[in-house]
2 protein chains.
Amino acid sequence: MQILVVEDDNRISNFLVKGLEECGYLVTLCKNAEDVLKQYINIEWDLIILDIMLADMDGVQLLQALRYKKVYTPILMLSALNSVQDKISALDYGADDYLTKPFHFDELISRIRALTRRRQYEQLETPKAELQFGQLHINREQYKVTWAGEPVELSPREYKLLIYLVENIGKTVSRVQMLNAVWGITFDNHTNVVDVYISYLRSKIEKQDEKYIFTVKGVGYMFKG
Amino acid sequence: MQILVVEDDNRISNFLVKGLEECGYLVTLCKNAEDVLKQYINIEWDLIILDIMLADMDGVQLLQALRYKKVYTPILMLSALNSVQDKISALDYGADDYLTKPFHFDELISRIRALTRRRQYEQLETPKAELQFGQLHINREQYKVTWAGEPVELSPREYKLLIYLVENIGKTVSRVQMLNAVWGITFDNHTNVVDVYISYLRSKIEKQDEKYIFTVKGVGYMFKG
DNA sequence: CTTCTACTACAAGAATTTGCATAAGCTGAT
DNA sequence: ATCAGCTTATGCAAATTCTTGTAGTAGAAG
């Protein structure tokens, strides 16, 4: 589940990113409206969280711009203002939900679930907390991975990468996509971290000839169940 | 699971009652606002579905009346209007969700699940006054914690944190969630109070190799019984 | 078949972060 | 002023992340 957070206040964005990541979401942070329209618009987000007060552009303007460019991703607006007028204009221009700061983090999570649940329903996808591929079990609620019953100790980054691969099961994902989704890096800075982490994952989850991660030369990797 | 449907249009109410009953809910139908306030107000519903257009009273008025009388049952508003103003006023006056006709029945179900799930979560506050995990006893009525009969002196904050962990037993809770739930709303994430208090708790309740609080690296903590 | 090149795999270690314990500072109530 | 409780700061060990560098491999070209 990939979420784009558009927020220029460092304090709040840190809090959001950290909290959402701790809840298992893959989060990318963008600090200004311009970059959203330039760099991030073509990525398929599951949800966009948009602050209504940005330095370079009004959040509602950005919302309008996105909808104008036919971006139909669910958008949750975030604002310090409690004015009804703001709520109205945000929802009128196509926001899917609206939350006023300060808010309870659990309420944010529950609203995110509501928004993305509807999306999943539309996509006719069934989200599962328990996944199994051969001997490999993944429990997403408990962040627990086991192989033939034995626990597999994965670092946070390794776990995130695994989840991303599993979410795109059967699809080839590129290094850039992975850098994007798992590392939050949107530019190529000539790193081979992805390769290294694929290697880590393989050594931990591929045992006794059970192979899950396949190399697609020149393109990326693919997870097969 | 008991649901009260307040709806005066026969076509719609039939559809709702039939559909909900087929999904396993116990449904009661009420055709006017007056009866809700007279007859049905004292029953403990799990959910109330309220049409915004009733013959004898505006749905939002009824909603207000219910909340005024301290009925905190989750309420889902139903309306043919897609006006943002209605949505806002409904939500402002204490509706928990809002659905516009015509709607997909599956979406209704999914929203019902969301609302009643949250309720179940909230109801975890009142289940058992006496809890026991190994040698650890927690009496929630007396705010008293003992280990092997010996009283454990916990400060208010420590106690609150313990209760929050216990309420989420078996689930990983993040630092941000704990900050939110135990310390109140804050965007501050440059603090390690949570770690410190986990440490305090451990030193007070984990004795003789009885371990309750487990670290989930990179994510948070989990209480196991 | 052999050679070449671009790509991939992975080991090793440096740099950074995290979790945890402890200490020190702060605050509000009595 | 004192004290309990709360928060911040600090140090350290261990874990994690990331870079570097080298060996290996697939597949195209000759």
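The sequence lines fix the lettering, A, B, ..., with proteins before strands; numbering per chain opens at 1.
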**Student:** Could you tell me whether B/Lys204 atom NZ has more than 12 heavy atoms of other residues or ligands within 6.0 Å of it?
**Tutor:** yes
**Student:** Select from A/Glu158 and A/Asn192 the residue whose nearest nucleotide in DNA chain D is closer to the 5' end of that strand.
**Tutor:**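 The answer here is A/Glu158.
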**Student:** Just how far, in rounded Å, is C1' of D/dG24 from CD1 of A/Ile198?
**Tutor:** 18 Å
**Student:** Using only side-chain N and O atoms of A/Thr215, determine if any of them is under 4.0 Å from OP1 or OP2 of C/dC7.
**Tutor:** no
**Student:** For B/Gly220 and A/Tyr221, find the nucleotide of DNA chain C closest to each by heavy atoms; which residue's nucleotide sits nearer the 5' end?
**Tutor:** A/Tyr221
**Student:** Check whether any side-chain N or O of B/Arg202 sits under 3.5 Å from a backbone N or O of B/Ile213 as a donor-acceptor pair, and report yes or no.
**Tutor:**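 A pair under 3.5 Å: yes.
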**Student:** Using a cut-off of less than 4.0 Å, is there contact between a side-chain N or O of B/Arg175 and OP1 or OP2 of C/dG19?
**Tutor:**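 Indeed, a polar side-chain atom of B/Arg175 lies that close.
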**Student:** Using a 4.0 Å heavy-atom cut-off, does A/Val216 contact any base of the nucleic acid, only the sugar-phosphate backbone, or nothing at all?
**Tutor:**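 Sugar-phosphate contact only - A/Val216 comes under 4.0 Å of backbone atoms but never of a base.
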**Student:** When the distance from CE of A/Met178 to C1' of C/dT8 is rounded to whole Å, what number comes out?
**Tutor:**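 It is 12 Å, rounded to the nearest whole Å.
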**Student:** Given that B/Leu154 and B/Val193 both sit by DNA chain D, which one's nearest nucleotide is further toward the 5' end?
**Tutor:** B/Leu154
**Student:** In Å, rounded to the nearest 0.5 Å, how long is the span from CD1 of B/Ile138 to CD1 of B/Ile163?
**Tutor:** 5.0 Å
**Student:** What is the separation between atom NE2 on A/His190 and atom P on D/dC18, rounded to the nearest whole Å?
**Tutor:** 17 Å
**Student:** Check whether any side-chain nitrogen or oxygen of B/Ser155 sits under 4.0 Å from OP1 or OP2 of D/dC6, and answer yes or no.
**Tutor:**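 Affirmative; the distance criterion is met.
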**Student:** Taking the side chain of A/Asp195 as heavy atoms from C-beta outward, which of D/dG5, C/dC20, C/dT8 is closest to it?
**Tutor:** C/dT8
**Student:** Go through the steps for A/Glu21 and A/Lys160 under the test salt bridge (charged side-chain N to carboxylate O under 4.0 Å, His left out), then give the verdict.
**Tutor:** CA-CA 9 Å; A/Glu21 282 183 342; A/Lys160 247 182 170 177; 3.2 Å; yes
**Student:** It should be established whether B/Trp183 places a side-chain nitrogen or oxygen under 4.0 Å from OP1 or OP2 of nucleotide D/dC6.
**Tutor:** no
**Student:** State whether B/Ser199 places a side-chain N or O below 4.0 Å from either non-bridging phosphate oxygen (OP1 or OP2) of C/dA21.
**Tutor:** yes
**Student:** Measure from CG on A/Leu201 to C1' on C/dA9 and round the result to the nearest Å.
**Tutor:**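 Taking atom C1' of C/dA9 as the reference, CG of A/Leu201 is at 14 Å.
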**Student:** Is the distance from OP1 or OP2 of D/dA15 to the nearest side-chain N or O of A/Tyr200 less than 4.0 Å?
**Tutor:**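 No, because none of the side-chain N or O atoms of A/Tyr200 sits under 4.0 Å from OP1 or OP2 of D/dA15.
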**Student:** Rounding to an integer number of Å, can you tell me how far B/Lys204 NZ sits from C/dT22 C1'?
**Tutor:** 15 Å
**Student:** For B/Tyr159, which contact category applies under a 4.0 Å heavy-atom criterion: base, sugar-phosphate, or nothing?
**Tutor:**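 Answer is nothing: B/Tyr159 stays at 4.0 Å or more from every strand.
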**Student:** With respect to the phosphate group of D/dT19, does any side-chain polar atom (N or O) of A/Tyr197 fall under 4.0 Å of OP1 or OP2?
**Tutor:** no
**Student:** Rounded to the nearest angstrom, tell me the gap between atom CD in B/Glu153 and atom P in D/dC3.
**Tutor:** 18 Å
**Student:** Could you go step by step and tell me if A/Glu22 and A/Lys18 meet the salt bridge (charged side-chain N to carboxylate O under 4.0 Å, His left out) rule?
**Tutor:** CA-CA 6 Å; A/Glu22 283 172 347; A/Lys18 206 164 185 180; 5.6 Å; no
**Student:** Specify the separation, in whole Å, of atom CZ of B/Arg202 and atom C1' of C/dG19.
**Tutor:** 9 Å
**Student:** From C-beta outward on B/Thr191, which listed nucleotide comes closest to its side chain: C/dG19, D/dT8, C/dT8?
**Tutor:** D/dT8
**Student:** Output the rounded distance in Å from OH (B/Tyr143) to P (D/dG5).
**Tutor:** 16 Å
**Student:** For D/dT16, take OP1 and OP2 only and decide whether either is under 4.0 Å from a side-chain N or O of B/Lys217.
**Tutor:**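 So the side chain of B/Lys217 is within the cut-off, an N or O lying under 4.0 Å from OP1 or OP2 of D/dT16.
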**Student:** With no hydrogens and no angle check, is any side-chain donor or acceptor of A/Asn168 less than 3.5 Å from a backbone partner on A/Tyr164?
**Tutor:** yes
**Student:** Check the phosphate of D/dC18 against A/Arg157, side-chain N and O only, distance under 4.0 Å to OP1 or OP2. Yes or no?
**Tutor:**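 Yes, such a contact exists.
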